Amino acid sequence: MRIRATVAVATGALALSALAVPATQAAPAGDRPGVPAFGSATHQDSAAAPKSNARAAVEAPVIIKTVVNANKPIVVGTTVPKKVAVSVTASHPSGIADADMIIWIGSSVDDPNGWGFVSMGDFTCTPVNATTSTCKQSIEVDPLWLINSDTTKWNVGAWVESKDGSSAENVKFGKTSLQRLSRLDVNAAPEPVKKGGTITVTGKLSRANWETGTYKGYATQSVQLQFRKKTSSTYSTVKTVKTSTTGTLKTTTKATVDGYWRWNFAGTSTTPAIIPAGDFVDVK
């Protein structure tokens with residue numbers, strides 16, 4: 001059994017929840033300890049600006065923008081945690097001193113069935129001007145804590161603190177998404193082949209299964225068979241083939257000239273596009 005500790009905060013005091021997770025299997029949804037604390041819950045010295053007019057002089061920072069993984073889906077494999085760059089841009093008359101971010105799913109941050117990942121270190125805040133800064137860090141998304149249904153929209157939360165100690169937090173400032181890493185291979189045979197002969201092109205499309213820690217065939221997906229001549233740099237689509245129930249691909253075509261054969265999978269909302277290198281066939 002592998003013991004996996006989850007970090008419940010991003011900065012300040014650390015609260016660790018150690019859970020036993022099989023080395024080849026993700027943690028079941030029921031074993032996930034909920035959305036981890038972040039922001040104001042882990043920065044006890046900060047003070048949010050009051051909502052009343054009693055201290056009108058105290059002004060909360062304004063969160064302007066968040067960016068997670070360059071605004072692209074987060075693609076995660078089966079074993080290696082994915083390190084994702086995150087940033088938040090905010091402003092305040094006194095300037096911005098600190099920040100925190102989280103990505104999470106669930107009905108609320110208090111949802112016991114929710115889950116999330118927080119940053120693992122202090123943010124570096126770089127001034128854009130006297131009042132505005134962009135603060136950067138990274139978040140690690142560990143597939144050992146993912147289940148396959150996590151390929152959905154995740155909330156992006158942000159917390160910022162001004163140089164005068166006031167803070168602002170928005171647990172649903174933006175959205176990001178997770179995808180299951182895809183694999184695709186190709187083989188064209190025989191090699192070489194006589195001109196006019198039949199070439200059989202095979203392959204397999206698979207994707208990460210976070211619940212088993214393996215790659216499983218992606219069934220009934222449309223994949224393009226493409227070809228380019230040896231003397232060309234451009235591929236053209238020959239036909240579209242659907243994967244079998246186990247993700248395998250197989251089709252035949254005629255050999256006319258030397259060239260490269262490949263599969264092209266356009267991707268889905270849960271699985272990224274992938275194109276393997278072409279397999280060369282010498283035509284005699």
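From a predicted model like this one, the values you see are computed outputs, not experimental measurements. Residue numbers count from 1 along this sequence.
- When the side chains of ILVMFWY residues are joined at heavy-atom separations under 4.5 Å, either directly or via intervening members, V223 and Y215 end up in two distinct hydrophobic clusters.
- Formation of a donor-acceptor pair under 3.5 Å by the N69 side chain with backbone atoms of N71 is not found in this model.
- L184 and N264 make their closest contact through CD2-N, 4.4 Å (heavy atoms, listed as atom of the first residue, atom of the second, distance).
- In the hydrophobic clustering of this structure, Y218 groups with V201; members are Ile, Leu, Val, Met, Phe, Trp, Tyr whose side-chain heavy atoms approach within less than 4.5 Å, directly or through other members.
- A donor-acceptor pair shorter than 3.5 Å can be found between the side chains of T89 and T134.
- Side-chain contact between L205 and I274 is present, with heavy atoms from C-beta onward closer than 4.5 Å.
- The only member of L249, V186, T251 that meets side-chain contact (heavy atoms from CB on, under 4.5 Å) when paired with L225 is T251.
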- [ ] Check the pair W159, D98 against side chain to side chain contact (heavy atoms under 4.5 Å, CB included), reporting the backbone distance first and the verdict last.
- [x] CA-CA 8 Å; W159 171 90; D98 199 5; 4.0 Å; yes
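- By the 6.0 Å contact criterion, NZ on K82 is enclosed, its count of non-hydrogen atoms from other residues, nucleotides or ligands being greater than 12.
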Task: Stepwise side chain to side chain contact (heavy atoms under 4.5 Å, CB included) test for S222 and K242 - done: CA-CA 4 Å; S222 295; K242 278 201 171 184; 3.6 Å; yes
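- With values rounded to the nearest 0.5 angstrom, I64 atom CD1 is found 9.5 Å from S133 atom OG.
- Contact of the S206 side chain with the K216 side chain is not registered, since no non-hydrogen atoms from C-beta on lie closer than 4.5 Å.
- Contact detail for L178 and D150: the closest heavy-atom pair is CB-O, 3.8 Å.
- Hydrophobic cluster membership differs between L181 and F117, with clusters built from Ile, Leu, Val, Met, Phe, Trp and Tyr side chains linked at under 4.5 angstrom.
- A donor-acceptor pair under 3.5 Å links the side-chain atoms of D164 to the main chain of S166, judged by distance alone.
- Going from atom CD of Q224 over to atom OG1 of T240 covers 5.0 Å, rounded to the nearest 0.5 Å.
- Expressed to the nearest 0.5 Å, how far CD of E161 lies from OG of S94 amounts to 9.5 Å.
- Side chain of H92 to backbone of E59: a donor-acceptor contact under 3.5 angstrom is found.
- Counted within 6.0 Å of NZ on K175, heavy atoms from surrounding residues, nucleotides or ligands total more than 12; the atom is thus considered enclosed.
- Within the 4.5 Å cutoff, side-chain heavy atoms of E191 are placed close to those of D279.
- Residues V171 and F38 form a side-chain contact, since some pair of their non-hydrogen atoms from C-beta on lies under 4.5 Å apart.
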Task: Worked verdict on Q226 versus T237 for side-chain hydrogen bond (donor to acceptor under 3.5 Å, both in side chains) - done: CA-CA 4 Å; Q226 297 183 327; T237 298; 3.2 Å; yes
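- With rounding to the nearest 0.5 Å, the separation of CD1 in I96 from OG1 in T126 is 12.5 Å.
- Checked by atom type and distance alone, the side chain of N148 pairs as donor or acceptor with a backbone atom of W210 at under 3.5 Å.
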- [ ] May I have the step-by-step check of side chain to side chain contact (heavy atoms under 4.5 Å, CB included) for I103 and V141, ending in yes or no?
- [x] CA-CA 9 Å; I103 62 171; V141 179; 4.0 Å; yes
- [ ] Decide yes or no on side chain to side chain contact (heavy atoms under 4.5 Å, CB included) for W263 and V241, but give the supporting numbers first.
- [x] CA-CA 9 Å; W263 298 108; V241 180; 3.9 Å; yes
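- Using a 4.5 Å heavy-atom threshold, the side chains of V118 and W104 count as separate.
- With values rounded to the nearest 0.5 angstrom, F173 atom CZ is found 10.0 Å from K65 atom NZ.
- Hydrophobic clustering, with ILVMFWY side chains joined whenever heavy atoms are under 4.5 angstrom apart, keeps I275 apart from W261.
- The backbone N or O of P81 lies less than 3.5 Å from no partner atom in the side chain of D142, so there is not a single donor-acceptor pair.
- Pairs engaging residues 111-178 under the disulfide (SG to SG under 2.5 Å) rule: C125-C135 [sequence neighbours left out].
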Let me check something: any side-chain donor-acceptor pairs from residues 227-235 under 3.5 Å, sequence neighbours excluded? List them with distances.
unit_1 : atom_1 : unit_2 : atom_2 : d
R228   : NH1    : S232   : O      : 2.6
S232   : OG     : T234   : N      : 3.0

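- Q179 contributes no side-chain N or O that, together with a main-chain N or O of T151, makes up a donor-acceptor pair within less than 3.5 Å.
- Across T271 and S182, no two heavy atoms sit closer than the pair CG2-CB, 3.6 Å.
- A continuous path of ILVMFWY side-chain contacts below 4.5 Å connects V257 to I199, so both sit in one hydrophobic cluster.
- Minimum heavy-atom separation, M101 to F123: N-CZ, 3.7 Å.
- Heavy-atom minimum distance, R262 versus G278: CB-CA, 3.9 Å.
- The CD atom of E211 sits 6.0 Å away from atom CD1 of I147, with the distance rounded to the nearest 0.5 Å.
- Of the possible polar contacts, one joining the T243 side chain to the Q221 backbone as a donor-acceptor pair under 3.5 Å is found.
- Annotation for D100 and G39: closest pair OD2-N, 2.8 Å, computed over non-hydrogen atoms.
- Within the 4.5 Å cutoff, the side chain of R180 has no heavy atoms near those of the L146 side chain.
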